[in-house]
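Step one of this worksheet: look at the structure below.
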Amino acid sequence: MSRRKLGQLEAEVLAVLAGADGFLSPNDIGDRLAGGAAYTTVNTILFRLLDKNMVDREKRGRAYVYRLTADEPGLAAERMFGHLRLAHNPSAVLSQFVHGLNPKEEEALRALLDETGEQQR
């Protein structure tokens with residue numbers, strides 16, 4: 001089994017929490033991750049996310065449970081902005097991004113761009 005990059009695992013934990021109806025334990029999160037993850041690994045990720053104010057925790061019995069406090073679409077957009085702003089050639093990055101979209105994603109992007117264009121008129 002190949003190891004996931006820390007950023008990838010953090011994103012996967014955030015996605016699990018975003019899909020949850022409430023608080024989850026580190027074991028619950030690990031069970032929901034594709035390929036699973038060790039309790040200690042999930043706990044480390046959760047501590048980092050807690051430091052970044054992206055999750056909240058509450059004590060249940062002797063353990064903590066966690067929930068997402070950040071806005072998932074906002075988090076994803078901020079990561080995309082970060083990569084775009086650091087790029088030497090942002091136009092090439094956007095081109096690569098658009099060419100990687102599936103038809104449904106492309107349709108959604110076109111609709112958003114049309115809506116934004118109409119609002120600016």
Side-chain angles (χ1 to χ4, degrees):
M1 181 169 76
S2 65
R3 294 182 82 183
R4 291 177 277 220
K5 294 179 188 172
L6 187 57
Q8 177 186 351
L9 186 55
E10 190 174 279
E12 290 176 28
V13 168
L14 287 169
V16 167
L17 288 169
D21 291 333
F23 287 89
L24 294 176
S25 71
N27 280 330
D28 292 334
I29 295 167
D31 290 345
R32 294 179 187 195
L33 291 171
Y39 175 87
T40 54
T41 302
V42 174
N43 229 19
T44 298
I45 297 298
L46 290 167
F47 286 141
R48 290 178 181 176
L49 293 173
L50 190 62
D51 284 342
K52 295 177 184 180
N53 295 318
M54 298 170 84
V55 298
D56 187 21
R57 74 179 182 180
E58 165 177 304
K59 193 129 180 159
R60 296 255 173 98
R62 294 179 14 196
Y64 285 102
V65 290
Y66 297 82
R67 71 173 172 189
L68 186 66
T69 57
D71 172 34
E72 185 187 24
L75 290 172
E78 195 56 45
R79 283 194 299 266
M80 292 166 67
F81 289 139
H83 290 295
L84 191 59
R85 290 180 185 126
L86 293 174
H88 175 70
N89 186 346
S91 293
V93 173
L94 286 171
S95 177
Q96 287 275 346
F97 177 76
V98 169
H99 285 94
L101 297 175
N102 66 40
K104 195 171 192 174
E105 293 165 337
E106 186 178 339
E107 184 180 319
L109 179 59
R110 285 186 191 283
L112 288 169
L113 290 172
D114 289 345
E115 180 182 308
T116 302
E118 289 174 14
Q119 289 176 358
Q120 291 179 353
R121 292 181 200 168

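The model shown is predicted, which means the values in this text are computed figures rather than measured ones.
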query = With the threshold set at 4.0 Å, does a side-chain nitrogen-carboxylate oxygen contact exist between Glu78 and Arg85?
reply = yes

request  = Give a yes or no on whether a salt bridge exists between Glu10 and Lys52, defined as a side-chain N under 4.0 angstrom from a carboxylate O.
outcome  = yes

What is the minimum heavy-atom distance between [X] and [Y], and which atoms define it?
X     : Y     : answer
Arg32 : Ala20 : NH1-CB, 4.1 Å
Leu84 : Pro90 : CD1-O, 3.6 Å
Ala87 : Val93 : CB-CG2, 3.5 Å
Asn43 : Pro26 : OD1-CG, 3.4 Å

Spatial distance of atom [atom1] ([X]) from atom [atom2] ([Y]) [nearest 0.5 Å]:
X     : Y     : atom1 : atom2 : answer
Arg48 : Leu9  : CZ    : CG    : 9.5 Å
Leu24 : Arg67 : CG    : CZ    : 11.5 Å
Ile29 : Leu46 : CD1   : CG    : 4.5 Å
Tyr66 : Glu58 : OH    : CD    : 11.5 Å

task = Count the heavy atoms of every other residue, nucleotide or ligand shown that sit under 6.0 Å from CD of Glu106, and state whether that count exceeds 12.
result = yes

task = Flag yes if more than 12 heavy atoms outside Glu105 fall under 6.0 Å of its CD atom; otherwise flag no.
result = yes

Can you tell if the side chain of [X] reaches within under 4.5 Å of the side chain of [Y], non-hydrogen atoms only?
X     : Y     : result
Leu68 : Asp56 : no
His83 : Phe97 : no
Thr69 : Asn53 : no
Lys59 : Val65 : no

inquiry  = Any side-chain to backbone donor/acceptor pair from Thr44 onto Thr40? Under 3.5 Å, distance only.
reply    = yes

query = Quick check: does any side chain N or O of Thr41 sit under 3.5 Å from a backbone N or O of Ala37, one acting as donor and the other as acceptor?
reply = no

Do you reckon [X] sits in the same ILVMFWY cluster as [Y], going by side-chain contacts under 4.5 Å, direct or chained?
X      : Y     : answer
Leu113 : Leu94 : no
Tyr39  : Ile45 : no
Leu33  : Phe23 : no

